[in-house]
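Side chains included, hydrogens not; waters and symmetry mates left out as well; all remaining heavy atoms used. Quantities reported herein were computed from a predicted structural model and do not represent experimental measurements. All chains are named by letter (A, B, ...) in the order of the sequence lines, taking the proteins before the strands, and each is independently numbered beginning at 1.
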2 protein chains.
Amino acid sequence: MPNFPKPLPEIQMTVDVIIFTVTAGQLNVLLIRRQSEPFAGTWALPGGYLQADEISEDSAIRVLRDKAGVREPFIEQLYTFDALDRDPRGRLVSIVYYALVPEESLKINTRPDLQNPTLVPVTALPDLAFDHADMVEYAITRLQSKLEYTNVVFSLLPPTFTFTELQRTYEAILERPLDKRNFQKKFASLGLIEATSEMTSGDKHRPARLYRFIDNKPTELKKFF
Amino acid sequence: MPNFPKPLPEIQMTVDVIIFTVTAGQLNVLLIRRQSEPFAGTWALPGGYLQADEISEDSAIRVLRDKAGVREPFIEQLYTFDALDRDPRGRLVSIVYYALVPEESLKINTRPDLQNPTLVPVTALPDLAFDHADMVEYAITRLQSKLEYTNVVFSLLPPTFTFTELQRTYEAILERPLDKRNFQKKFASLGLIEATSEMTSGDKHRPARLYRFIDNKPTELKKFF
DNA sequence: CCAAAAGTGTTGACTGTACACCCATGT
DNA sequence: ACATGGGTGTACAGTCAACACTTTTGG
């Protein structure tokens, strides 16, 4: 390639991961507190250097395991951020992934030596190190549109769930209320979920039917919402 | 980050670019013929090494200028490919962009010392070097869905165009015929284009009205097709 | 006058949206 | 008995999809 000088070794690569989960009707992101400079003490996304013998997706999966105790996440590459000034240490290119995790499969160990991994609602994000705020913003946009034409929501829910839990998950991410009757009609007609014979119990109201996803595989749909 | 060893310098980065244009009702990709090993003599996407002082998008824009003579393209990051065995020379991570270019703004110089840049219809792609076939396939899928909910098609058309040219562009990319009356109704109702006072002439049939896009900025739309 | 592409409306099916009341349970 | 969320149907509006003939030009 005539007009490209030879490869330069000064560029280093990192992988950052945006771990989403929905708790109590809120969309949350997992953040860590940086121990070292730059941005020591500031909240940031978990991540690390890309290893020469590891693909970036595996690297992201490793971060998920170490920081959130999650083993089989939904994970997808989001974007590669490579602005020249994004890291004061020099040219660092970051391949960013986002992951969707059901609340109950999270096993977060907030030990300081693991950088205090903490769930933070996206509606109340603190200042973030580097360009991590841009990354989160972009990931939310992507997640919102992904919800509308795929079945990825199953990655955020436990094996069985009520219609209301499903609807609350959508509402948390789309940040708008949905009509209960229309939501149920729509979802029922998609054929993605089926009723189980189980009902909730112990709540101080009428028990709710539990449903499950028929297959837990990412699928594209025509239209959604 | 306790469980990440220190940065390793052995990873190198490249930028590859998928340049799309529509000619004669066909979607084409610009390919070059590799001069050097590996894959010498094989068709490949144009690209080059990422420079330490240049962001990947500018690198992609430079490729466009050098190989296709294009100055103000629509360009978007597609995906970062980093499989361990994607390049026999070692660990090379490629940030891939795709660009949309109107036929008449292309100035391709097929000189062998510029690696014979050549437009090839996507329906008749030769074997490609590295994982470039995967890249093209993914880019086509992305382009198809992008067409359905954005106005990016303007990047593939000249400043003024007929309704039929617009429709043929959609058909070339979506790879299916569209109904003429429904297409015109739909597009007219979107308010993206306006009639000029000009008509085509010299064709051996009735002249057609020429239209233009009201603004040439990427815009998201509700629904499209 | 023939060939070629331009231009133009209507109908029926389907999909989306708005909206309110009774039910089953725990306290 | 009351409070809480569960569960259900209808009507109207908007959008989508199918479909064919007349017009204008060049040759």
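For the pair E165(A) CD and dG5(D) P, the interatomic distance rounds to 13 Å; values are reported in whole Å. Between the CZ atom of F183(B) and the P atom of dC16(D) there is a distance of 14 Å, rounded to whole Å. Rounded to whole Å, atom P of dA4(C) lies 24 Å from atom CZ of F163(B). Whole-Å rounding puts the K185(A) NZ to dG9(D) C1' distance at 7 Å. Atom CD of E148(A) and atom C1' of dG16(C) are 14 Å apart (whole Å). The CD-C1' distance, from Q167(B) to dA5(C), rounds to 12 Å in whole Å.
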Close N/O contacts between protein and nucleotides 23-27 of chain C (under 3.5 Å):
{"from": "dC23(C)", "atom 1": "O4'", "to": "R206(A)", "atom 2": "NH1", "distance (Å)": "3.4"}
{"from": "dC23(C)", "atom 1": "O2", "to": "R206(A)", "atom 2": "NH1", "distance (Å)": "3.3"}
{"from": "dA24(C)", "atom 1": "N3", "to": "R206(A)", "atom 2": "N", "distance (Å)": "3.2"}

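Counting heavy atoms of neighbouring residues, nucleotides and ligands inside a 6.0 Å radius, atom CD of Q35(B) exceeds 12 of them.
Salt-bridge formation is not detected for the pair K186(A)/E148(A): no Lys NZ or Arg NE/NH1/NH2 atom is positioned less than 4.0 Å from an Asp or Glu carboxylate oxygen. Note on R209(A) versus E194(A): no salt bridge recorded, every NZ/NE/NH1/NH2 to OD/OE distance being 4.0 Å or above. Salt bridge annotation for R111(B)-D113(B): present, with a cationic side-chain nitrogen under 4.0 angstrom from a carboxylate oxygen.
Comparing L210(A) and D179(B) along DNA chain D, the residue whose closest nucleotide (by nearest heavy atom) sits nearer the 5' end is L210(A).
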Can you list the steps and then say if T118(B) with L31(B) is a side-chain contact (heavy atoms from CB on, under 4.5 Å)? CA-CA 5 Å; T118(B) 306; L31(B) 300 177; 5.5 Å; no
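For the residue pair Q167(B) / E171(B), a side-chain donor-acceptor distance below 3.5 Å is found, with atom types taken as modelled.
Contact annotation: T164(B) side-chain N/O to dA6(C) OP1/OP2 distance is under 4.0 Å.
When distances are taken from the side chain of N182(B) to each of dG16(C), dC19(C), dC19(D), the shortest belongs to dC19(D).
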